[in-house]
Amino acid sequence: MEETDHTGPERLSPDGTSAPPAGVLQSDMASTEDGTMPPSSSDGADCRLRAEIERLRAEAADRMRLAQRRADLWVRVDILLGLPAAFLAGASGAAGLATPDARVPAALLALLAAGLAGCAGSLRSDTRRRANKRARHAWAAVEAGARVRLSQHRVVPADLAELLDRRQAALTAYDAEHPPPGGNPSSGFAPTPPG
């Protein structure tokens, strides 16, 4: 078979899809069933980067789901401790004011309400809920960034480095009381300090 110039105009096959240039066999065009180019030996580093980015994406997805479940748990704990405490406090006040004989049961209800309120305060369920929501948003940013990188034709080590920075920010999102000033709370990034 003689070699032909492949710079000519693109041809369409009978079904309307792009056909290879004249003189090029379909078997000469290397692609997989999903349309992506298979890695060559020179793409070994790219494959390793993609594998690591995929691992980060999977970890982020798992941790995002875990943070959401924890946030939901702390919402329920807050409601289960706070609502009865408020109800018992109101009932004890009403009972104590109703008759002089109801002072002892009212005092017991007030003690129970104070105990529930103390538990709710010491567990800091609202703070834990907010921390898990922050972490969920930070892990979502890691997952989204990994998905974007995986959709690109080539990945470079700088892509992995950026995702690892996002991962570190997501890990510290649990501990941060407030998002860093100037940082995007949904991405988990803080501006780089000068110096």
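Index from 1, following the sequence. No hydrogens, no waters, no symmetry mates; every other heavy atom, side chains included, goes into these values.
The two residues Glu162 and Arg149 come nearest to each other via the heavy atoms OE1-NH2, 2.6 Å. Taking each heavy atom of Ala146 and Arg57 in turn, the nearest pair found is CB-CB, 3.5 Å. The shortest heavy-atom contact between Lys133 and Ala71 is CG-CB, 4.0 Å.
For Val148, the side chain to side chain contact (heavy atoms under 4.5 Å, CB included) partners are Gln152, not counting sequence neighbours. Under the rule for a side-chain hydrogen bond (donor to acceptor under 3.5 Å, both in side chains), Gln168 has no partner lying at least two apart in sequence or in another chain. Legend: residues meeting side chain to side chain contact (heavy atoms under 4.5 Å, CB included) with Ala60, ordered by chain and number and at least two apart, are Trp139, Val142, Glu143.
The distance from the CD atom of Glu52 to the CG atom of Asp159 is 13.0 Å, given to the nearest 0.5 Å. In this structure, CG on Leu73 lies 9.5 Å from CZ on Arg70, to the nearest 0.5 angstrom. Atom CZ of Arg69 sits about 13.0 Å away from atom CZ of Arg136, to the nearest 0.5 Å.
Counting heavy atoms of neighbouring residues, nucleotides and ligands inside a 6.0 Å radius, atom CZ of Arg55 exceeds 12 of them.
No continuous path of ILVMFWY side-chain contacts below 4.5 Å connects Val77 to Tyr174, so the two sit in separate hydrophobic clusters. Leu80 and Leu123 fall into different hydrophobic clusters, where Ile, Leu, Val, Met, Phe, Trp and Tyr side chains are chained together by heavy-atom contacts under 4.5 Å.
When each of Arg65, Arg166, Arg167 is checked for a salt bridge (Lys or Arg N to Asp or Glu O under 4.0 Å) with Glu59, only Arg167 meets the rule.
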Using residues 81-97 as the side-chain source, report each donor-acceptor pair under 3.5 Å to any protein atom, sequence neighbours left out, with the distance given to one decimal.
| unit_1 | atom_1 | unit_2 | atom_2 | d |
| --- | --- | --- | --- | --- |
| Ser92 | OG | Leu88 | O | 3.2 |
| Ser92 | OG | Ala89 | O | 2.9 |

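Within the structure, every pair that satisfies the side-chain hydrogen bond (donor to acceptor under 3.5 Å, both in side chains) test and touches residues 71-90, not counting sequence neighbours, is listed here: Gln68-Asp72, Asp78-Ser125.
Applying the under-4.5 Å side-chain rule to Ile, Leu, Val, Met, Phe, Trp and Tyr, the cluster around Leu150 extends to Leu49, Ile53, Leu56, Val155, Leu160, Leu163, Leu164.
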